[in-house]
There are 2 protein chains.
Amino acid sequence: MYTIGQISEMFSIPVSTIRYYDKEGLFPDLERQSGIRKFSEREVEALRVIECLKASGLEIRDIKRFMEWTTEGSASYERRKQLFETRKEAVEEEINQLQRTLDMLKFKCWYYETAIADGNEDRIYEMLPDRLPPDIQKLYDNAHH
Amino acid sequence: MYTIGQISEMFSIPVSTIRYYDKEGLFPDLERQSGIRKFSEREVEALRVIECLKASGLEIRDIKRFMEWTTEGSASYERRKQLFETRKEAVEEEINQLQRTLDMLKFKCWYYETAIADGNEDRIYEMLPDRLPPDIQKLYDNAHH
DNA sequence: CTAACACATAAAGTTGACTTTAGGTCAAGG
DNA sequence: CCTTGACCTAAAGTCAACTTTATGTGTTAG
């Protein structure tokens with residue numbers, strides 16, 4: 001059993017944020033001893049799931065819905081699985097998007113390295129849009145539509 | 001030359017958002033003809049950069065600073081390159097983080113597939129925390145610190 | 001005994017990135 | 001001529017996710 005302060009330490013999350021999560025219903029079965037929250041391993045795992053679902057782009061109110069499902073036992077296995085499948089696809093798409101962003105950033109790094117070496121952007125303009133060095137051309141094409 | 005409506009179409013961004021970007025100073029040299037904004041290829045490329053920097057996690061006020069640098073010509077090449085290098089590292093870190101999130105999600109998908117097959121979570125609890133199938137163990141370990 | 005801590009609440013405030021609203025100009029079509 | 005549609009502005013409103021503030025309780029250390 002942990003206090004809110006210990007959980008805060010453990011996850012490097014402010015105490016106020018954990019109280020906020022509790023207020024929003026993210027710990028449906030959290031116990032209390034004379035008003036004081038007592039966090040068990042169940043809540044520790046819940047917080048890991050909260051961080052995961054948050055990182056996947058889910059909003060607090062939807063995380064709350066999920067946490068309510070966990071109190072229904074085996075009746076909600078299918079819904080819970082569906083949620084994780086959907087989140088998995090969303091994160092895969094997000095990673096793809098970031099990969100394209102990364103290609104644009106790499107292109108811009110090359111762009112300014114070249115501009116610094118030349119003192120101007122003239123030579124780059126002559127190479128644009130389809131006479132760039134092969135590896136750079138790939139980045140450029142991937143990033144520009 | 002494009003009107004704000006054409007740019008809105010081109011990028012699938014609301015007109016109000018483009019006006020907001022302009023108000024925030026993201027198009028430092030935007031021309032106007034009797035009050036009406038005229039977007040050139042320069043602004044089209046600027047908007048591509050805005051989307052890229054936004055996706056990299058940069059805030060509007062910092063994107064504004066970058067756009068001001070572009071009006072300084074070759075004097076700011078070094079600063080601009082530095083910014084893209086930093087953003088590149090931030091996005092690489094973000095992708096790593098999302099990869100760990102993805103491993104957690106894949107683990108949870110397996111978890112509920114197994115729970116659905118068994119009708120309960122008993123067998124999973126017996127495998128936790130270090131007797132999981134090898135490929136699943138990898139996901140679990142990667143996701144749990 | 002009292003001061004310092006860790007805990008608690010309710011309610012108000014903050015932040016960033018938009019979006020909406022209310023009002024106005026101007027050119028073209030029926 | 002008058003309505004429609006695309007443009008304009010300034011200012012207020014929205015939303016999610018916290019954070020801060022003001023106030024209070026209960027236990028422990030000097």
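Residue numbering restarts at 1 for every chain, and letters A, B, ... go by the order of the sequence lines. Please read these numbers as outputs of a predicted model, since none were measured by experiment.
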> With side chain to side chain donor-acceptor pair (under 3.5 Å) as the test, would you mind laying out the steps for Gln82(A) and Tyr112(B) before giving the verdict?
CA-CA 9 Å; Gln82(A) 272 303 321; Tyr112(B) 286 110; over 6 Å; no

> Trp69(B) vs Phe66(B) aromatic rings, parallel, tilted or perpendicular, using cut-offs 30° and 60°?
perpendicular

> Walk me through whether Glu72(A) and Tyr77(A) qualify under side chain to side chain donor-acceptor pair (under 3.5 Å).
CA-CA 9 Å; Glu72(A) 294 174 23; Tyr77(A) 285 166; over 6 Å; no

> To the nearest Å, give me how far apart CD1 (Ile50(B)) and P (dG16(C)) are.
18 Å

> Out of curiosity, Leu128(A) CG to Tyr111(A) OH, how far, rounded to the nearest 0.5 Å?
7.0 Å

> Are Asp22(B) and Arg32(B) close enough for a salt bridge, meaning some N to O gap below 4.0 Å?
yes

> Ignoring hydrogens and angles, tell me if any N or O in the side chain of Glu43(B) forms a donor-acceptor pair with the backbone of Ser40(B) under 3.5 Å.
yes

> Need two values: the first and the last nucleotide of DNA chain D, 5' to 3', having an atom under 4.0 Å from any heavy-atom of chain A.
dA16(D) to dT20(D)

> Near DNA chain C, under 4.0 Å by heavy atom, which residues of residues 16-44 of chain A?
Arg19(A), Arg32(A), Gly35(A), Ile36(A), Arg37(A)

> Do other residues, nucleotides or ligands put more than 12 heavy atoms under 6.0 Å from the CD atom of Glu92(B)?
yes

> Between the main-chain N or O of Thr3(B) and the side-chain N or O of Gln6(B), is there a donor-acceptor pair closer than 3.5 Å?
yes

